[in-house]
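Structure, as structure tokens:
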Amino acid sequence: MPVDPYILLLFGTVGLAALLPARGTGANLASGASTGAIALLFFLYGARLSTREALDGLRHWRLHGTILACTFVVFPLLGLAARGFVPAGILSDPLYQGLLFLTLVPSTVQSSIAFTSLARGNVPAAICAGSFSSLAGIVATPLLAAALLGGGGGGGPGSGGFSADSVTKIVLQLLVPFAAGQVLRRWVGEFVLRHRKALGLVDRGSILLVVYTAFGQGTVEGVWQRVSPARLGGLLAVEAVLLAVMLLLTWYGAKALRFGRADRIAIQFAGSKKSLAAGLPMASVLFGAQASTAVLPLMLFHQMQLMVCAVIAGRRSRDAGDRPGAVDPAAAGEVTVPAPAGSSRTGAGTGTRSG
């Protein structure tokens with residue numbers, strides 16, 4: 001049951017923000033640096049993502065449509081259903097808003113590919129699905145947040161809809177840098193891929209800065225006085241149920257739709273995950289001062305999904321090895337396990353790469 005060291009860094013950053021939050025001029029500087037870091041993140045996302053290679057994967061449109069439906073339809077519906085835990089006293093309204101937000105963000109790329117490969121599933125499909133989800137999430141997540149959360153742009157959940165200012169922030173901090181990365185990919189794409197390890201550190205450092213800024217602002221405004229240990233326990237229980245339901249729906253739903261075993265593995269791992277890397281900066285833009293409460297459910301869910309899916313992937317791998325005539329995809333030259341830096345290739349002439 002792995003504990004991602006980066007998750008420990010994230011929670012360490014939360015602890016630092018709780019003990020030593022930035023105030024006054026320091027808070028203004030941190031906020032400005034966080035804004036720049038978010039723009040840089042989405043520029044790098046655009047520079048890494050090959051739209052042409054992602055579109056090539058549309059040949060398997062039924063599989064990708066199923067994963068997108070899980071990510072942006074089924075997940076949000078379950079998030080809306082979780083509203084019933086608020087009157088029951090299990091969740092506070094701010095924690096519920098954060099839980100609902102996590103159901104709106106796109107799927108992961110790297111961990112979905114890694115677990116699909118470990119379980120001997122359809123890795124090219126997982127690569128394309130992660131790319132599609134990232135691409136769709138740039139637009140879908142803010143739109144879904146506007147429709148379902150009714151807040152953003154610093155107004156916080158429940159503030160009555162998106163303002164023109166919040167829309168401008170989304171466009172300038174998310175869409176424009178992403179589009180610039182896509183446009184400039186022809187010239188900077190090779191550089192980004194060549195230095196993906198170093199730029200991966202930039203990615204993670206930028207997210208740590210976003211987390212420190214969000215939680216530091218939350219500490220100054222007294223967020224920790226509003227989140228009790230009992231409510232955190234309730235949140236973890238609800239998230240465990242949410243993850244279990246999605247894992248079951250993606251596996252048995254894909255079986256009902258007559259997908260093969262390799263495709264079902266890709267659907268399960270890509271369709272049941274949520275991206276921390278995409279969700280944290282989006283929350284900072286959408287929630288403003290309330291971002292600390294909004295991202296807490298996502299951070300907890302991210303670690304939970306890694307631990308549970310690692311166990312499932314190991315079992316799927318052993319099951320595949322026990323099947324008569326089973327062939328290891330890696331040994332057959334079809335796939336290779338992606339590198340930790342977030343880049344992946346597929347063999348057998350596919351030439352697909354995902355950052």
Side-chain angles (χ1 to χ4, degrees), residues 2 4-10 12-13 30 32-57 105-117 123-124 126-135 137-138 172-213 273 275-282 284-285 302 306 330 335-347 349-355:
D4 187 350
Y6 187 59
I7 294 292
L8 298 180
L9 275 177
L10 283 171
T13 302
S34 177
T35 299
I38 292 170
L40 175 61
L41 275 174
F42 279 83
F43 174 81
L44 292 175
Y45 291 161
R48 289 183 183 126
L49 182 61
S50 172
T51 307
R52 187 189 68 184
E53 289 175 354
L55 292 177
D56 286 344
V105 302
S107 177
T108 60
V109 179
Q110 181 181 346
S111 62
S112 294
I113 297 168
F115 288 137
T116 300
S117 178
V123 175
I127 293 172
C128 290
S131 300
F132 293 157
S133 184
S134 298
L135 205 57
I138 300 295
L172 293 179
Q173 292 187 49
L174 305 182
L175 297 181
V176 170
F178 181 84
Q182 284 280 284
V183 170
L184 297 176
R185 188 180 188 279
R186 177 179 176 183
W187 295 279
V188 303
E190 285 300 320
F191 175 86
V192 169
L193 291 174
R194 223 174 25 245
H195 299 86
R196 59 183 178 272
K197 290 186 178 180
L199 291 175
L201 295 176
V202 173
D203 278 3
R204 296 191 163 206
S206 298
I207 292 173
L208 290 175
L209 176 59
V210 170
V211 169
Y212 174 78
T213 303
K273 282 193 170 56
S275 172
L276 185 71
L280 286 177
M282 284 183 179
S284 180
V285 175
H302 181 81
L306 288 180
V335 300
T336 57
V337 177
S343 178
S344 178
R345 290 177 183 267
T346 59
T350 59
T352 307
R353 186 195 302 256
S354 175

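Bear in mind the structure is a predicted one, so any value in this text is a computation, not a measurement.
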If I compare all heavy atoms of [X] with all of [Y], which pair ends up nearest, and what's the gap?
| X | Y | value |
| --- | --- | --- |
| Ser107 | Ser112 | OG-OG, 3.8 Å |
| Ser34 | Leu209 | N-CD2, 3.9 Å |
| Ser275 | Thr108 | CA-CG2, 3.6 Å |
| Val188 | Phe43 | CG2-CZ, 4.5 Å |

Between Arg196 and Leu193 (side chain of the first, backbone of the second, donor and acceptor by atom type, cut-off under 3.5 Å), is there such a pair?
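Yes; at least one donor-acceptor contact below 3.5 Å.
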Donor-acceptor contact below 3.5 Å, side chain Ser117 vs main chain Ile113:
no
List in chain and number order the residues that pass side chain to side chain contact (heavy atoms under 4.5 Å, CB included) with Leu201, two or more places apart in sequence or in another chain; answer none if no residue qualifies.
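So Leu201 forms no side chain to side chain contact (heavy atoms under 4.5 Å, CB included) with any residue.
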Supply the atom-to-atom distance [X] [atom1] to [Y] [atom2], rounded to the nearest 0.5 angstrom.
| X | Y | atom1 | atom2 | answer |
| --- | --- | --- | --- | --- |
| His302 | Leu10 | NE2 | CG | 8.0 Å |
| Ile38 | Met282 | CD1 | CE | 10.5 Å |
| Glu190 | Arg185 | CD | CZ | 8.0 Å |
| Leu199 | Phe191 | CG | CZ | 6.0 Å |

Within-4.5 Å side-chain heavy-atom neighbours: Leu280 and Ser284
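Side-chain contact under 4.5 Å: no.
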Any Val176 side-chain heavy atom under 4.5 Å of Phe42 side chain
no
Candidate list Thr213, Val210, Leu208, test side-chain contact (heavy atoms from CB on, under 4.5 Å), partner Thr13, passing option:
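With Thr13 as partner, Thr213, Val210, Leu208 yield a single side-chain contact (heavy atoms from CB on, under 4.5 Å), made by Leu208.
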